[in-house]
There are 2 protein chains.
Amino acid sequence: MKTKADLVGKRLADLIETPEIPETLRQAMAYSLLAGGKRLRPVLVLATLEAFGKSIDAGIPVACAVEMVHTYSLIHDDLPAMDNDDFRRGKPTNHKVYGEATAILAGDALLTYAFETVCSAEEAGAPSGRVLRIVRELASYAGPRGMVGGQSADMEGEDIPLTPEQLRYIHQHKTADLLVFCVRAGAILAGASERQLSLLTRYANNIGLAFQIQDDILDVTGDETKMGKPVGSDEKRKKSTYPALIGMEKSRSLLKQLIEEANLALVEAALEDNSILRALAAFIIERDY
Amino acid sequence: MKTKADLVGKRLADLIETPEIPETLRQAMAYSLLAGGKRLRPVLVLATLEAFGKSIDAGIPVACAVEMVHTYSLIHDDLPAMDNDDFRRGKPTNHKVYGEATAILAGDALLTYAFETVCSAEEAGAPSGRVLRIVRELASYAGPRGMVGGQSADMEGEDIPLTPEQLRYIHQHKTADLLVFCVRAGAILAGASERQLSLLTRYANNIGLAFQIQDDILDVTGDETKMGKPVGSDEKRKKSTYPALIGMEKSRSLLKQLIEEANLALVEAALEDNSILRALAAFIIERDY
């Protein structure tokens with residue numbers, strides 16, 4: 001995981017090091033893109049390719065693109081009009097350093113640049129038909145029926161009590177959808193069958209929901225130093241979360257159940273080597289940051 | 001122009017009429033996307049296809065996508081942290097109606113949905129290689145080295161006097177780049193030669209700069225009722241403009257020169273029928289809205 005994360009981090013630094021971008025904008029983009037983070041999404045893309053026994057080369061542009069999309073969503077999410085957060089990954093948020101206007105533009109720029117970056121998978125050897133399918137899935141899973149839709153529903157759900165179904169809708173789209181994209185994109189690049197794609201989608205949906213529940217748990221029990229941001233913010237904002245809705249114990253057993261489901265789907269998908277994807281599922285519930 | 005604009009308007013209404021988008025977000029997207037406007041960018045895509053004697057069918061998804069990108073840029077541009085505008089096309093701006101958070105998300109959603117929409121040119125008969133090239137160009141001309149870069153430079157240039165070169169850089173990227181994309185996308189769909197592509201790029205760069213200069217002129221001399229927004233905002237914001245920098249008379253003669261250059265490039269491109277593209281160039285400097 002560390003090797004892959006470092007590889008993607010280096011490529012991201014190269015991609016952002018272009019004199020054709022106005023300097024302030026470039027710095028604001030780089031500030032958030034190169035702030036570290038777990039790089040979980042890029043790693044998922046590359047690990048899926050490896051699970052099929054394929055080279056990760058064509059996956060690197062896709063991995064970089066998804067990290068750009070994730071980073072843009074964090075920058076916009078932190079804005080005063082949205083979550084109004086001052087810290088992220090132990091550093092002041094983008095708008096705290098560059099101002100709101102530049103933070104909005106840096107987010108817009110990263111989202112758009114992601115689509116340019118994903119296209120370069122073609123030069124890395126992927127057939128144009130597969131790259132086009134990945135472009136379409138990125139737009140779909142990150143767009144109004146995907147991640148942005150989830151963020152919108154999440155915002156509207158603040159301050160009002162949600163049903164478990166509504167909370168699941170939010171978690172599905174706000175968090176799981178982009179993870180589903182990562183696994184599907186790796187599988188599409190690898191030439192997976194439609195059956196494998198659908199089983200890997202099930203794997204990713206389960207780890208995606210688990211990821212968000214673990215996030216909610218860490219917001220209650222986590223260590224601020226490890227997290228790089230204040231804990232307790234969900235309660236402060238009166239956000240519905242699984243620990244608040246069904247209790248901590250049931251949340252933890254739901255987590256385990258989701259990871260079991262994910263592993264079952266992995267086995268059914270009959271991959272060449274599912275060990276890294278299995279390890280990533282375990283990491284998601286064991287992590288403390 | 002009217003027929004093509006109506007065709008695109010209808011398709012946009014269909015594209016946004018999907019129950020899979022959370023309702024508030026969907027309404028905010030539709031509010032700005034279906035607020036009318038000249039639809040100049042979609043018309044340019046379709047007119048270029050016609051100039052090659054091709055059917056406009058495969059161009060419609062591309063035309064809709066570029067209007068989504070244009071609309072997202074207006075929504076974000078109008079935000080309080082950016083230009084802080086209250087009116088656009090005679091209606092309150094998006095954040096005035098839906099609030100800042102939803103306006104930010106509606107912009108994000110339209111930008112992302114544009115990339116999904118452009119991909120559907122494949123179903124309308126365009127080969128995947130051409131569609132992928134168009135995706136890449138959309139991202140490039142709309143991204144940090146294109147439109148977003150221009151907006152960032154524009155913002156930084158407020159309150160300080162600019163050189164004509166700096167002003168040209170801003171106009172090129174903020175305004176001309178997306179028009180260049182429209183013409184190139186139509187030409188790529190039509191199977192233009194690289195020489196034709198480069199001549200059409202010259203055409204579009206010239207009409208793009210002319211478009212922005214005419215905008216600057218209308219901000220001084222325009223009629224608020226026809227424009228649908230207050231005039232005089234450039235001066236209020238101490239923005240560098242061509243009328244302010246070189247005077248009204250020289251701006252008008254520069255306009256004419258740009259349109260002549262555009263028409264020369266059109267003739268050299270040896271298209272089947274350049275009459276609509278020629279008429280669009282004329283419209284750009286004759287318009288009063």
Side-chain angles (χ1 to χ4, degrees), chain A residues 16 18 20-22 24-26 28-29 69 72-73 76 79-82 95 99-120 122 127-129 131-133 135-140 142-153 155-156 169 173, chain B residues 16 18 20-22 24-26 28-29 69 72-73 76 79-82 95 99-120 122 127-129 131-133 135-140 142-153 155-156 169 173:
Chain A
I16 213 76
T18 156
E20 293 168 55
I21 303 174
T24 309
L25 179 65
R26 201 191 65 73
M29 292 166 75
V69 170
Y72 116 78
S73 77
H76 282 189
L79 286 168
M82 309 273 289
H95 64 272
E100 272 183 67
T102 297
I104 292 167
L105 290 176
D108 293 346
L110 284 168
L111 172 57
T112 317
Y113 202 36
F115 282 98
E116 189 175 347
T117 303
V118 87
C119 289
S120 62
E122 203 184 6
S128 64
V131 179
L132 194 59
R133 183 169 182 189
V135 168
R136 195 186 289 230
E137 297 218 351
L138 179 56
S140 170
R145 291 176 301 182
M147 187 182 71
V148 179
Q151 283 174 313
S152 173
M155 253 179 34
E156 284 189 67
Y169 175 94
H173 293 295
Chain B
I16 213 77
T18 156
E20 293 168 57
I21 304 174
T24 309
L25 179 65
R26 200 192 66 73
M29 292 166 75
V69 170
Y72 116 78
S73 77
H76 282 188
L79 286 167
M82 308 274 287
H95 63 272
E100 272 184 66
T102 298
I104 293 168
L105 290 176
D108 293 345
L110 283 168
L111 173 56
T112 317
Y113 202 34
F115 283 97
E116 188 174 349
T117 303
V118 87
C119 289
S120 61
E122 203 183 7
S128 64
V131 180
L132 193 59
R133 183 168 180 189
V135 168
R136 194 186 291 231
E137 297 218 350
L138 179 57
S140 169
R145 291 176 303 182
M147 187 181 72
V148 179
Q151 284 175 312
S152 172
M155 253 179 35
E156 283 189 69
Y169 175 93
H173 293 294

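Each chain gets a letter, A, B and so on, in the order the sequences are listed, and its residues count up from 1. Computation of the quantities below employed the complete heavy-atom set of this structure, encompassing side-chain atoms and omitting hydrogens, waters and symmetry-equivalent molecules.
- Residues B/Met82 and A/Leu105 have side chains in contact (heavy-atom distance under 4.5 Å, counting atoms from C-beta outward).
- Among the candidates B/Val118, B/Val131, B/Leu110, the residue making the largest number of heavy-atom pairs closer than 4.5 Å to chain A is B/Val131.
- Pairing each heavy atom of B/Ala109 with each of A/Val148, the nearest pair is CB-CG1, 3.9 Å.
- A/Met155 is not listed as a side-chain neighbour of B/Thr24, based on a closest heavy-atom distance of 4.5 Å or more.
- Per-residue counts of heavy-atom pairs under 4.5 Å with chain A were compared for B/Ser140, B/Gly143, B/Gly129; the largest is that of B/Ser140.
- For the atom pair OH of A/Tyr72 and OG1 of B/Thr112, the computed distance is 4.5 Å after rounding to the nearest 0.5 Å.
- When all heavy atoms of B/Pro22 and A/Tyr169 are compared, the closest pair comes out as CG-OH, 3.6 Å.
- For the pair B/Val135 and A/Cys119, the tightest heavy-atom approach, listed with the atom from each and the gap, is CG1-SG, 3.6 Å.
- The most heavy-atom pairs under 4.5 Å with chain A, out of B/His173, B/Glu156, B/Glu20, come from B/Glu20.
- Neither the backbone nor the side chain of B/Glu137 comes within contact range of chain A, judged by heavy atoms closer than 4.5 Å.
- Ranking B/Ile104, B/Leu79, B/Thr102 against chain A, the residue ahead of the rest is B/Ile104, based on heavy-atom pairs under 4.5 Å.
- For the options B/Thr18, B/Ile21, B/Thr117, heavy-atom pairs under 4.5 Å to chain A are most numerous at B/Ile21.
- Once rounded to the nearest 0.5 Å, the distance linking CG of A/Asp108 with NE2 of B/His76 reads 5.0 Å.
- Most heavy-atom pairs under 4.5 Å with chain A: of the set B/Arg26, B/Glu100, B/Arg145, this distinction falls to B/Arg145.
- In this structure, chain A has a heavy atom under 4.5 Å from the side chain of B/Met29, while its backbone stays farther away.
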